Structures are given as structure tokens and as C-alpha cells.
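Working notes for the structure below.
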Amino acid sequence: AKQELSKRAKVYLKDHYTEKFSLDQLASALFVNKIYLSKCFKESTGITMLKYHNMVRCKEAARLLTGTDLNIEVIGSMVGYTTPSHFTRIFKKVYS
């Protein structure tokens with residue numbers, strides 16, 4: 001059950017990666033308690049949902065950085081970050 005819930009959370013996060021992360025919204029979409037969801041996700045993946053959300057965003061950003069001529073500001077915005085500095089900080093953290 002916990003694995004299935006984590007899978008559903010991953011699908012939701014992949015489908016909504018451009019949106020601001022909201023544990024309340026995610027728990028509501030999956031019809032579960034947010035604390036239970038958070039605990040299950042961490043137990044089955046070893047990382048937090050926010051970290052996973054950032055990894056999904058950065059993976060898409062890396063794809064865009066290598067596959068397009070778009071600049072970093074545009075790509076950061078496309079994957080859901082509001083400021084270039086926040087995007088670069090998170091990107092470095094994910095890929096270091």
C-alpha cells in the first residue's frame with residue numbers, strides 16, 4: 001500500500017512539476033493525510049517529496065539545456081522556478 005501510494009505521488013509530481021510544490025494539494029489529490037503521505041514517500045524512496053519534485057524539474061531542465069538553445073532564465077521559468085538564482089541554486093544542489 002505504501003509503495004503504491006508513493007508511485008501515485010511520483011506520477012502526480014511528474015504531471016505537475018511546473019507548479020509550485022504543495023503537500024496539501026498533493027495529499028488532497030490522492031485523498032490521503034499529508035503526514036501519512038509524506039512518511040510513506042520517504043520510507044519507500046529514501047527522499048522527501050520536495051527533493052523528488054526538484055529532481056524531476058532539474059532532469060527536465062537538463063534535457064532542455066542540452067537539447068535546445070534556450071537560455072537558463074527561460075528554462076528555469078519553463079520548469080517552474082520563479083527566479084533564475086533559485087533555479088541555479090537548486091540545479092547545482094541536485095547535480096552536485
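Not measured: the values here are computed from a predicted model.
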Heavy-atom side-chain contact between [X] and [Y] under 4.5 Å:
| X | Y | value |
| --- | --- | --- |
| L23 | L50 | no |
| K51 | T45 | no |
| M49 | L37 | yes |
| K42 | I47 | no |
| I90 | C58 | yes |
| V79 | T18 | no |

- Partners of K93 by salt bridge (Lys or Arg N to Asp or Glu O under 4.0 Å), sequence neighbours excluded? none
- Item | Residues in salt bridge (Lys or Arg N to Asp or Glu O under 4.0 Å) contact with R63, at least two apart in sequence or another chain | E60
- Task: Check the hydrophobic clustering (I, L, V, M, F, W, Y; side-chain heavy atoms under 4.5 Å; chains of links allowed) and say if Y36 and L30 are grouped together.
- Result: yes
- Where does the angle between the aromatic ring planes of F91 and Y95 fall among parallel (under 30°), tilted (30 to 60°) and perpendicular (over 60°)? tilted
- Using atom types as modelled and distance alone, determine if a side-chain donor or acceptor of S77 lies under 3.5 Å from a backbone N or O of E73. no
- Query: Just by distance, do the side chain of T66 and the backbone of A62 share a donor-acceptor pair under 3.5 Å?
  - Reply: yes
- Message: Looking at N71, I want to see if its CG is surrounded by more than 12 non-hydrogen atoms of other residues, nucleotides or ligands under 6.0 Å.
- Response: yes
- Can you list every pair that meets ring pair (Phe, Tyr, Trp, His ring centres under 6.0 Å) and has a residue in residues 50-70, with sequence neighbours left out? F21-H53, F41-Y52
- Note on the structure: Given the options Q3, E4, K10, K7 meets side-chain contact (heavy atoms from CB on, under 4.5 Å) only with E4
- Query: Between N54 and Y81, is any side-chain donor less than 3.5 angstrom from a side-chain acceptor?
  - Reply: yes
